[in-house]
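Inspection log for the structure reproduced underneath, given as structure tokens.
Heavy-atom basis, side chains included; hydrogens, waters and symmetry copies ignored.
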Amino acid sequence: MEINDNVKMLTDSDWWAKGDIGRLVEISYNRHGRALYLVCFDSNCHKMHNRNGGHTWYAKPDMCKLYRPNRLMKVE
């Protein structure tokens, strides 16, 4: 995944519900090389974050997946 990708949360937590959609705003790595994602859940937010700011939360890669909504429109 890359910065600005939309992600769908796969787990419930105190900060999000399973199925919530967020935007990936940072990818960090711990000392063991494991990724940690900072996900923004404010749909009106267009700024980049460098830490948790009240509507951004850290998640492990297994807590979310890439989300690409079906943008096809049905025309009759």
If the condition is side chain to side chain contact (heavy atoms under 4.5 Å, CB included), which residues does Asp20 pass it with, not counting sequence neighbours? Met9, Trp16, Ala17, Phe41
With the 4.5 Å side-chain cut-off for hydrophobic clustering, are [X] and [Y] part of the same group?
X	Y	answer
Trp57	Leu10	no
Val7	Ile3	yes
Leu38	Ile21	no

Please name all residues satisfying side-chain hydrogen bond (donor to acceptor under 3.5 Å, both in side chains) with Ser13, sequence neighbours left out, ordered by chain then number. none
Heavy atoms only: give me the nearest [X]-[Y] pair and the separation to one decimal.
X	Y	value
Val25	Cys40	CG1-CB, 3.8 Å
Leu24	Met1	CD2-CB, 3.9 Å
Lys60	Leu36	N-CD1, 4.2 Å

Quick one, Tyr29 and Arg34 - any side-chain contact, counting heavy atoms below 4.5 Å? no
Go through the steps to decide whether Arg23 and Asn4 satisfy the test side-chain contact (heavy atoms from CB on, under 4.5 Å), and finish with yes or no. CA-CA 6 Å; Arg23 181 173 54 94; Asn4 285 323; 2.9 Å; yes
Distance check, rounded to the nearest 0.5 Å: Asp12 atom CG versus Lys18 atom NZ? 7.5 Å
Rounded to the nearest 0.5 Å, what's the gap from OG1 on Thr56 to CD on Glu26? Could you check? 9.0 Å
Show your reasoning for whether side-chain contact (heavy atoms from CB on, under 4.5 Å) applies to Ser28 and Tyr37. CA-CA 6 Å; Ser28 350; Tyr37 299 147; over 6 Å; no
Distance-only donor-acceptor hits, side chain of residues 61-69, under 3.5 Å, sequence neighbours excluded:
none

